[in-house]
Every structure is written in structure tokens, then in C-alpha cells.
Amino acid sequence: MADSRSVVLVHGAWHGPWAWTKLLTPLRERGLDVHTVSNPSSGPDPTSLGDLYDDAENLRQTLARLDGEALVVAHSYGGVVVTEGAAGAYNVGHLLYVTAFMLDEGESLFSAVGSQEPDWWIKDSAEVSVLAGRPDEIFFNDCTGADAADAASRLEPQSLSSFKQPVRSVAWRDTPSTYVICEQDNAIPPFMQEQLAQRAGDVRRLGASHSPFLSQPGGVVEIIAELAG
């Protein structure tokens, strides 16, 4: 990615572009053109949420507007979005999966977790959306109290369908990739990350929770800046 200067950040389930706030200024100070996407599958109104394929199309539209080659960064569920949405994109030079679901064709996030809903998923009565229970423990266990409280207050419903739809196209088969294993993650256990990371061309590690963009933003910035060239 020697000539790439664009970075696209794709957030995970329940989150929004706000998750990347601590990374934006440091990356832009390094001369990178940074873009965030907002996945339609997350939002305040459970009745109007999109699904995985809406998220993927949203990413495709973002990529189509960029000039030059881009590094696409995925967190958690965002890995499914990137795998699907970046497939076939002419201007994606590298994929970075940060404790993310790096799935293959036919797999879904739900199948990746053993087709059993984690006990911290809180479904609504219509089984249309899911809330994240115990976020301090699951997502933010190494964050400051203030960061954890702020982030937890921003989490929104996630469409259940986005977790159960299978990947149809696989970007990492044709695009170089790197996986960042977060060794204190309580959402995607390290042993699962180790298995997913076998699909990547390169593996890095951070001694962080599921939210290194909050607890160790400097480490994430260094990896992104290196890969973006």
C-alpha cells in the first residue's frame, strides 16, 4: 500500500462512528484522509434498522466516492460488513480486522459464535433487534470509568437479521489483510480470534479489550498508519 493515503473506518454492532473519535486527529495529523461509515443496522429506532447487506452497500458507496487506494479497517461485526462490502472494490489496497469477524462465504456472525445467542444479548419482544447487556464487562473492561460510561450510553439497538445473514462475497480472498488480536477481549475470546486470524496474511497483537480504539488508541493508530503507508 505504498501510495495509499485513505482510511475507511467501519464500526461494530451497537456502535457508531463515534467509536473512532480518539483515532481521527492522530491519523489526520499523519496526512491520512480518514472516513467513517455509519452502519444502517445500528440505530435508535429498532423498527427502521437495516441489515448486513444494507451495511455492505453503504460501504460500497463510500468506497466508490474515494480517489485512490484505501485501507479499510473493521471492528467486531464490522468485519462481516467489510468482508461483504469491500469484495470486488477496485480501490481497496488492504483490509485490517481489529478483533473482528473475518468470515468466509456462507458463514454468519451467528454461526461463528456456535449458533447460540450469547447470554448478554438482549432481544426485544418482537425479536427484531438486540441490545448489548453488561457492556462494561464485555466491551470496555480495560477502559477508564469515564470512557466506559460514555461509550455504554451511546450504544444503540442492532438488527438481529444482520447477525444471521450469511456472507456472499469474500474480500479477503483477493485483498491483502491483517488481523489484530486483542488479548483481553471478553466479546470475541482470544481463542476465537486466533482461529479467525489464520485467514489473514499478517497478525498483530494488543493487550487490550474489545475496544482498543478507546483504551489503547495509540497502538491502533500506529498499526493503521504503518499499513496505510
Side-chain angles (χ1 to χ4, degrees), residues 1-13 15 19-37 59 69-87 89 92-104 107 109 112-113 138-143 147 151 167 170-229:
M1 287 197 65
D3 297 323
S4 176
R5 304 303 293 170
S6 293
V7 176
V8 178
L9 304 172
V10 183
H11 66 81
H15 291 63
W20 305 109
T21 300
K22 289 189 176 187
L23 277 59
L24 300 183
T25 296
L27 289 173
R28 287 169 177 155
E29 287 177 344
R30 292 171 182 250
L32 295 170
D33 181 26
V34 184
H35 303 262
T36 61
V37 299
L59 174 59
E69 201 171 63
L71 165 67
V72 183
V73 182
H75 173 245
S76 195
Y77 161 78
V80 194
V81 177
V82 168
T83 294
E84 176 82 15
V92 176
H94 204 98
L95 306 172
L96 176 60
Y97 291 82
V98 180
T99 184
F101 287 93
M102 191 173 184
L103 305 184
D104 206 345
E107 297 177 344
L109 185 150
V113 299
I138 302 300
F139 296 152
F140 312 124
N141 48 294
D142 70 338
C143 298
D147 281 347
V167 168
V170 184
W172 53 262
R173 289 201 174 278
D174 301 308
T175 305
S177 60
T178 298
Y179 196 103
V180 178
I181 293 173
C182 291
E183 296 172 336
Q184 295 183 38
D185 194 335
N186 290 333
I188 307 177
F191 77 86
M192 181 182 296
Q193 295 178 61
E194 297 279 1
Q195 295 172 351
L196 294 168
Q198 293 178 21
R199 294 167 168 171
D202 183 33
V203 178
R204 310 293 179 90
R205 296 174 186 276
L206 290 173
S209 69
H210 192 62
S211 305
F213 42 81
L214 294 178
S215 64
Q216 296 188 25
V220 181
V221 166
E222 288 298 323
I223 294 171
I224 292 175
E226 176 191 343
L227 294 176

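When all heavy atoms of Leu95 and Ala86 are compared, the closest pair comes out as CD2-CB, 4.1 Å.
A centroid separation of less than 6.0 Å is found between the aromatic rings of His15 and Phe139.
Here the CG atom belonging to Leu227 is positioned 10.0 Å from the OG atom belonging to Ser177, to the nearest 0.5 angstrom. Atom CD1 of residue Ile188 and atom OG of residue Ser76 lie 4.0 Å apart, to the nearest 0.5 angstrom. Between the CZ atom of Arg204 and the SG atom of Cys182 there is a distance of 13.0 Å, given to the nearest 0.5 Å. Note that NE2 of His35 and CH2 of Trp20 are 14.5 Å apart. Values are rounded to the nearest 0.5 Å. Thr99 contributes atom OG1, which lies 3.0 Å from atom CD of Gln193 (distance to the nearest 0.5 angstrom). In this structure, CG on Leu196 lies 9.0 Å from CD1 on Ile181, to the nearest 0.5 angstrom.
Distance alone, capped at 3.5 Å, is enough to place a donor-acceptor pair between the Gln184 side chain and the Gly207 backbone. Using modelled atom types, one side-chain atom of Tyr179 and one backbone atom of Ala100 make a donor-acceptor pair closer than 3.5 Å. Arg199 contributes no side-chain N or O that, together with a main-chain N or O of Trp172, makes up a donor-acceptor pair within less than 3.5 Å. Looking only at distances, a side-chain donor or acceptor of Glu107 sits under 3.5 Å from a matching main-chain atom of Asp104. Although no hydrogens or angles enter the test, the distance criterion places a donor-acceptor pair under 3.5 Å between the side chain of His75 and the main chain of His210. In terms of modelled atom types and a separation under 3.5 Å, the side chain of Ser211 and the main chain of Phe213 share no donor-acceptor contact.
You'll find the side chain of Ile224 reaches within 4.5 Å of the side chain of Leu9, heavy atoms only. Taking 4.5 Å as the limit, some side-chain heavy atom of Thr25 sits within range of a side-chain heavy atom of Glu29. The shortest distance between side-chain heavy atoms of Leu27 and Leu24 does not fall below 4.5 Å. Considering only heavy atoms from C-beta on, Leu32 stays 4.5 Å or farther from Ser6 through its side chain. Taking 4.5 Å as the limit, every side-chain heavy atom of Leu206 sits out of range of all side-chain heavy atoms of Glu183. Counting only heavy atoms from C-beta outward, the side chains of Ser209 and Asn186 never approach each other to under 4.5 Å. Using a 4.5 Å cut-off on side-chain heavy atoms (C-beta onward), Val113 and Phe101 make contact. With contacts defined as side-chain heavy-atom distances shorter than 4.5 Å, the pair Asp147/Lys22 qualifies.
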(message) Show, in sequence, the C-alpha distance, side-chain angles and deciding distance for Tyr97 and Val180, and conclude whether the side chain to side chain contact (heavy atoms under 4.5 Å, CB included) test is met.
(response) CA-CA 6 Å; Tyr97 291 82; Val180 178; over 6 Å; no
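Of the options Asp33, Val37, Leu71, a side chain to side chain contact (heavy atoms under 4.5 Å, CB included) to Val8 is made by Val37 and by none of the others.
Defined by atom type and a distance below 3.5 Å, a donor-acceptor pair is present between the side-chain atoms of Ser215 and Asp142. A donor atom on one side chain and an acceptor atom on the other are not found under 3.5 Å apart for His94 and Thr175.
Using a 4.0 Å cut-off between charged side-chain N and carboxylate O, Arg30 and Glu222 make a salt bridge.
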